[in-house]
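The structure appears below as structure tokens.
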There are 2 protein chains.
Amino acid sequence: MELDQTDFQILSMLQDDGKCSYSKIARNIGVSEGTVRGRINKMLKNEVFEFIIHTNPYKIGLHVQAIIGLETRVGYHDAIACQLQPHRSVRFIGAFSGKHDLIIQAFFRDNEELVSFVDQTLSGIEGIISVDVNVELKQYKDTFSYVD
Amino acid sequence: MELDQTDFQILSMLQDDGKCSYSKIARNIGVSEGTVRGRINKMLKNEVFEFIIHTNPYKIGLHVQAIIGLETRVGYHDAIACQLQPHRSVRFIGAFSGKHDLIIQAFFRDNEELVSFVDQTLSGIEGIISVDVNVELKQYKDTFSYVD
DNA sequence: TATGAAAGTTGCTCCTT
DNA sequence: AAGGAGCAACTTTCATA
């Protein structure tokens with residue numbers, strides 16, 4: 001799908017305020033409300049973006065955040081990723097080129113839950129050679145606005 | 001701020017559909033529309049969550065995604081993080097305990113932009129001892145729904 | 001692009017605890 | 001007080017032409 005200037009202007013306003021109304025966007029960028037609605041629906045259909053909420057993990061009791069790098073046996077990527085996928089704690093899973101074959105990001109209630117994840121869940125999965133656990137101490141930036 | 005069952009039910013519905021109306025939520029969980037509105041506004045004020053959009057980076061031309069681990073000289077965390085913060089490409093910056101002192105996640109238009117980021121931007125920052133670049137090959141999971 | 005009906009939002013008051 | 005329900009004015013949405 002080709003996005004033009006108008007589409008990017010719409011995305012830009014929505015990423016500042018996901019609740020911004022069609023009419024407010026329309027007024028700001030000088031097109032009709034129907035145009036904004038049409039563009040948004042087209043982009044939603046093409047999965048250019050989606051309306052979501054971002055919950056602050058700390059405020060709902062998830063105090064421990066970790067990024068875990070995994071070294072895996074050749075050909076075990078997919079199987080491991082699929083086993084990790086359903087876990088509530090796991091927010092992100094990606095296959096990478098570099099030192100780690102798989103990198104995951106996960107949230108836990110406390111350190112105990114993290115330890116149990118590493119010692120029980122991860123150690124029970126076949127094909128994992130090494131586990132590199134990094135626990136977040138401080139967050140400097142966490143943005144979802146990457147449209148210019 | 002203390003969240004009760006009603007708050008979690010509201011969050012749960014919103015994380016499935018960020019555009020869900022107050023009245024639809026109200027009907028579904030059996031309280032009045034005003035109650036839903038009040039709870040949402042209170043949570044927004046307390047920064048429990050925010051309404052945003054999640055743009056698919058690929059669809060807007062950001063084809064290269066990387067997670068970069070940095071080893072830094074003692075005491076240089078903050079200064080480095082602050083220098084990286086304003087960069088458009090950088091989505092996430094965190095200080096960690098573990099093999100890497102800082103971990104960042106960034107999006108680029110192409111490999112050239114990534115290389116230029118590492119060779120120009122990162123190498124120009126004082127206090128960075130080593131750079132561990134991991135380029136994403138495949139994404140298995142990327143969710144924002146971590147309310148039960 | 002424009003119109004109008006249907007739906008949603010908002011601020012208010014009133015009630016219950 | 002605090003939180004939930006109910007009401008009326010206003011705004012937004014969305015199908016139709």
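Reminder, nothing fancy here: chain letters follow the sequence lines and each chain counts from 1.
- Distance B:N41 CG to C:dG8 C1': 14 Å, rounded to the nearest Å.
- Ring-plane geometry between A:F49 and A:F51 is classed as perpendicular, the angle between the planes exceeding 60 degrees on a 0 to 90 degree scale with a lower cut at 30.
- Remark: P of C:dT9 and CG of B:L44 are 13 Å apart, rounded to the nearest angstrom.
- Against DNA chain C, the stretch residues 13-38 of chain B makes heavy-atom approaches under 4.0 Å through B:S21, B:Y22, B:S23, B:E33, B:R37.
- Ring-plane geometry between A:F144 and B:F144 is classed as perpendicular, the angle between the planes exceeding 60 degrees on a 0 to 90 degree scale with a lower cut at 30.
- Straight-line distance from the CZ atom of B:R39 to the P atom of D:dG3: 8 Å, rounded to whole Å.
- In this structure, a donor-acceptor pair under 3.5 Å is present between the side chains of B:H100 and B:D132.
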Which donor-acceptor pairs under 3.5 Å do side chains of residues 120-127 of chain A form with protein atoms, sequence neighbours excluded?
from	atom 1	to	atom 2	distance (Å)
A:S123	OG	A:D119	O	2.3
A:E126	OE2	A:Y76	OH	3.3

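- B:I93 has its side chain out of reach of A:T143: every pair of non-hydrogen atoms, C-beta onward, lies at least 4.5 Å apart.
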